[in-house]
Amino acid sequence: VFPWFGLDIGGTLVKLVYFEPKDITAEEEEEEVENLKSIRRYLTSNVAYGSTGIRDVHLELRDLTLCGRKGNLHFIRFPTHDMPAFIQMGTEKHFSSLHTTLCATGGGAYKFEQDFLTMGDLQLCKLDELDCLIKGVLYIDSVGFNGHSECYYFENPTDAERCQKLPFNLENPYPLLLVNIGSGVSILAVYSKENYKRVTGTSLGGGTFFGLCCLLTGCSTFEEALEMASHGDSTKVDKLVRDIYGGDYERFGLPGWAVASSFGNMMSKEKRESVSKEDLAKATLITITNNIGSIARMCALNENINRVVFVGNFLRINTISMRLLAYALDYWSKGQLKALFLEHEGYFGAVGALLGLLDSA
Amino acid sequence: MAERGGRGSGGHGSLDKSITLPPDEIFRNLENAKRFAIGGSLTKLAYYSTVQHKVARVRSFDHSGKDIENEPLYEIAVQEEITARLHFIKFENTYIETCLDFIKDHLVNTETKVIKATGGGAYKFKDLIEKKLGLKVDKEDVMTCLIKGCNFVLRNIPHEVFAYQKDSDTEFRFQMNHPNIFPYLLVNIGSGVSIVKVETEDKFEWIGGSSIGGGTFWGLGALLTKTKKFDELLQLASKGQHTNVDMLVKDVYGGAYQTLGLSGNLIASSFGKSTTADKEFSKEDMAKSLLHMISNDIGQLACLYAKLHNLDKIYFGGFFIRGHPVTMRTITYSINFFSKGEVQALFLRHEGYLGAIGAFLKGAEQDNPNQYSWGENYAGSSGLMSTSPDVYPMQRTRSGTFDMLEMDRLERPLVNLPLLKDPSTYIPDTVDLTDDAMARKYWLTCFEEALDGVAKRAAASQPDSVDALERAEKFRQKYWNKLQTLRQQPFAYGTLTVRSLLDTREHCLNEFNFPDPYSKVKQKENGIALKCFQSVIESLDSLGWEERQFALVKGLLAGNVFDWGAKAVSDVLESEPQFGFEEAKSKLQERPWLEDSYSQWLERLKEGPPHKCALIFADNSGIDIILGVFPFVRELLSRGTEVILACNSGPALNDVTYSESLIVTERIAAMDPVIQSALRDEKLLLVQTGSSSPCLDLSRLDQGLAVLVRERQTDLVIIEGMGRAIHTNYYAALKCESLKLAVIKNSWLADRLGGKIFSVIFKYEVPCK
């Protein structure tokens, strides 16, 4: 029974995937209730919803066969603080009359469960966050990205000139370390589809980057923060090894360019007064990214896994961080660890929730 | 990653630079100083010097053919002795010029040409030092110095290491030094973080680090709160609510997190609530959130490294930690959380000195400082956090503070008693006064009340000295101040114990040249007791075997009543000098004693084979050693048991010293053939303990004693006296049989143990198989 949705309600963003059937028979069309049609039309004919909802058209998966049906998979996101408006819209469109189940994952599935029930007369089917994440990753990787590879890596990450994005074949994915960077970070060791464990997590994630940028630069969107960062120079803000030792610190094999102290230069009043907002945004991005890289690297070593897959919306339009993660993992592990990325960055939980719906049907 | 910055540089301008220092109280013993080192962010100066101080020496008279009735037993000569001492001084950079000038003026006898330097602060003052002191500044690697210093304090300073525990009366839980200090992880949180694995004295490896450290807290904190100083940022943080800024698990999950087995208060995303341009956040809240973020991150990385390298000891240092309970608390929380309690976050009392100590050691290799054992001098050291703004908020604004550490080189290396059951868990002290507020209050008051008497006795012990009164007053003042410090900061010198209070008093007495205030009293009492020796032996010999065993034990106990350390007894002794041995016996509690395993002891003597060798730790001079211990020794020897008699190397109260014991034994041997032949055949051996304390730390004993104990296959240890058997070692577990006996001469302590004054402790213990 349509509609097929998967919902992942995170701390900052809500991710929604919607399967648009393209093989609807005339008979079906006849029987289809008006509500359902209206929902489909609304979602597929727009690329933005309200002031904050966005459909990532470039991620759309076309001609997908799912549960014997052919169709397109759409990827939509909006801020979690607009959740009440979303529920309101569901109410207006009489979503509950469709007698479908809405599968949701993420912390918000719990937080908003009652609101869905009271405002929208809708019973959520709550699914485990990590189950959904892994299911989603494995599924999307297996179907590919419209004939292209879903998974990619950076070749020559330590060489800015020669560094290039190349497809990676994740056919035999296990074991892998899955690093999901949302507002916070979760790190999972995955040994098979069913066998995985949460290794650790850190509270220094995308939310920290964005939150600190708002405080330091007055920016108001993630895009704005990233845009500023791309024009900044973090070495004005950070204290590098060479700032302390004049060059490499050979005793410990530390290169002069390595950051010795994030924001270390900001201990000095003069330097605080001479940095730009862009520099601060860049330093924040570098700090958070390097830290995630180093925790991921330590986990990979402790778990004896050499492939690290980074996902999560922190990486959306964030080439700086992806390249830095690729570089840092390669450099500090002396080429032993490989950083991998997936095109659908933050949507795997939502995809997993959708798959959960189809499993239960 | 290196030690840089520090709060000193933030202090410029705010301190009153015109303040006059009392440098002669700070830069002590400069006359003979050599081998300088300077290091760290606040200026830390280290030097090696010699101190000349008075020691009481005893020397036997040649009595051959003379009437000795009215002559003293031996001669007491006060001599000058030169011992080595390490001085470490920490002061604010603001004072560097004043300090260098003072050093220059007083540095007269030195041949030193070079000053070793490490750390950012030291590099900064290179030119100034070279100009002012005319010494060449020789730079040493920061981390090498740090680790050298760390190894040195771990080896030489008891209670150097502590764990922080919140929600406890005692925030600091000190640890006994583990006999094997390696391997360990040192996490140095300076502006960045360095994680170093230390495997041996010379082998260490930088295994990782993080750029998110103290500089991040300070730099980012300054940007967010417009607060410039590190200390002030910490103070802001301690007042803030991070939950206003951080996104918690419960913010993401709503109220439902309990059903998931998650703690709702965990931080899901640091600064996750500040993702908005139109809300104001308080400085305090942001500082708190930042502190949590950085501490958690460091703790997590430290745990990951500890796990990868299979280490469970992590020492934290660097300016982020130094003397700040706030950061010690957050780091400890983080380590507990991420290691699930498997790893302990440990801190060092002298963490701030490590670099300077290490730099000094690099320069002093000729003097082989690592070959010796060193002891913290409580009189010359300021104690933990004497400059901490958290502990003394007033002091920081009033003036610059100086912090000092002095360490005395001990004559001989100190080692564990080989008979300790488990050296790594041995704790000498019975009551931890840092933990036990009631006991602390009692003992501090007790030492305060006794202080006038001690000062008076010290002055009286040197009737020929013109300045004895003045020095005694200085001593009184210094010890009084120490006691007041300890009332406020019981943890200042590690775990506060009766032993540390006694030792501090001895150090203070020495400081003012009262090396042995009881020397004359001991001399007189030894003389009196020797005169009674033969009649005591005769009456013992007239008894049947079983009666004699009891009489010997009673004698040991009665002898132990003569103790100038206990106020109740010194009152009696002062007023009734003729208080005799028999009277003492009559004061003893009747059996059953408060702790009474005499029957088992008697059974052991009756049924078991003679012991191979007994080690006896003697207590007091006079009646105790001569009429109590020696008859007992004589009986053991007669049974075929060899005896090692261990006495203190240096004086403490009226305890018998090793050199006094030599004379006393010689005199007894002249009267008693059993003792004489035992001495000749080396069945009775006199050794020194390596200690000058009225208490006994079985983990720091003279190496010679340890060797002998092993050689002679010692199978019985006898510890007597309140200081050695009750204040310390009451619960000490040994590998062999042991006897702990004492008379409780303090009614409070008797009450604590459930008895009355002059209650008897007779504890015979056999290790379980």
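Predicted, not measured: the structure shown is a model, and the values here were computed from it. Convention: sequence-line order gives letters A, B, ...; per-chain numbering from 1.
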Which side-chain N or O atoms in residues 290-301 of chain A pair as donor and acceptor under 3.5 Å with protein atoms at least two apart or in another chain?
residue  : atom : partner  : partner atom : Å
A:Asn291 : ND2  : B:Asp297 : OD1          : 2.8
A:Arg297 : NH2  : B:Tyr305 : OH           : 3.3

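Side chain of B:Ser191 to main chain of A:Ser261: no donor-acceptor pair is present (N/O by atom type, distance under 3.5 Å, no hydrogens or angles). With B:Thr216 contributing its side chain and A:Ser262 its backbone, the two residues share a donor-acceptor pair below 3.5 Å. A:Lys111 places a side-chain N or O within 3.5 Å of a backbone atom of B:Asp251 that can act as its donor or acceptor partner.
The aromatic rings of B:Trp206 and A:Phe252 lie parallel to each other, their planes meeting at an angle below 30°, with 60° marking the opposite boundary.
At least one side-chain heavy atom of A:Thr208 sits under 4.5 Å from a side-chain heavy atom of B:Ser269. For the pair B:Leu220 and A:Thr287, the minimum side-chain heavy-atom distance is 4.5 Å or more. At least one side-chain heavy atom of A:Leu204 sits under 4.5 Å from a side-chain heavy atom of B:Ile212. The closest side-chain heavy-atom distance from A:Met267 to B:Phe217 is not below 4.5 Å. At least one side-chain heavy atom of B:Lys228 sits less than 4.5 Å from a side-chain heavy atom of A:Lys269. At least one side-chain heavy atom of B:Met247 sits under 4.5 Å from a side-chain heavy atom of A:Thr12.
Of the atoms belonging to A:Glu273, not a single heavy atom falls under 4.5 Å from chain B. Proximity to chain B is absent for every atom of A:Glu224, based on heavy atoms less than 4.5 angstrom apart.
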Handout entry: Trace of the side-chain contact (heavy atoms from CB on, under 4.5 Å) decision for B:Leu224 with A:Leu212
Key = CA-CA 9 Å; B:Leu224 291 172; A:Leu212 280 174; 4.0 Å; yes

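The shortest non-hydrogen separation linking B:Val142 to A:Tyr249 is N-OH, 4.3 Å.
When each of B:Gly272, B:Gly208, B:Ser274, B:Ser270 is scored by its heavy-atom pairs under 4.5 Å with chain A, the top score falls to B:Ser270. Chain B forms the most heavy-atom pairs under 4.5 Å with one residue out of A:Gly211, A:Cys213, A:Gly207, and that residue is A:Gly211. The greatest number of non-hydrogen atom pairs below 4.5 Å with chain A, out of B:Gly214, B:Ala268, B:Ser289, is found for B:Ala268.
A:Thr202 contributes atom OG1, which lies 6.5 Å from atom CZ of B:Phe338 (distance to the nearest 0.5 angstrom). Between the CD1 atom in A:Ile9 and the OH atom in B:Tyr253 there is a gap of 11.5 Å [rounded to 0.5 Å]. In this structure, OG in A:Ser203 is found 10.5 Å from NE2 in B:His292, a value given to the nearest 0.5 Å. Between B:Phe204 atom CZ and A:Arg251 atom CZ the span is 3.5 Å, to the nearest 0.5 Å.
With sequence neighbours excluded, the residues that form a side-chain contact (heavy atoms from CB on, under 4.5 Å) with A:Glu223 are A:Arg77, A:Thr221, A:Arg316, A:Ile317.
The number of heavy atoms from other shown groups lying within 6.0 Å of CD (B:Glu199) is above 12.
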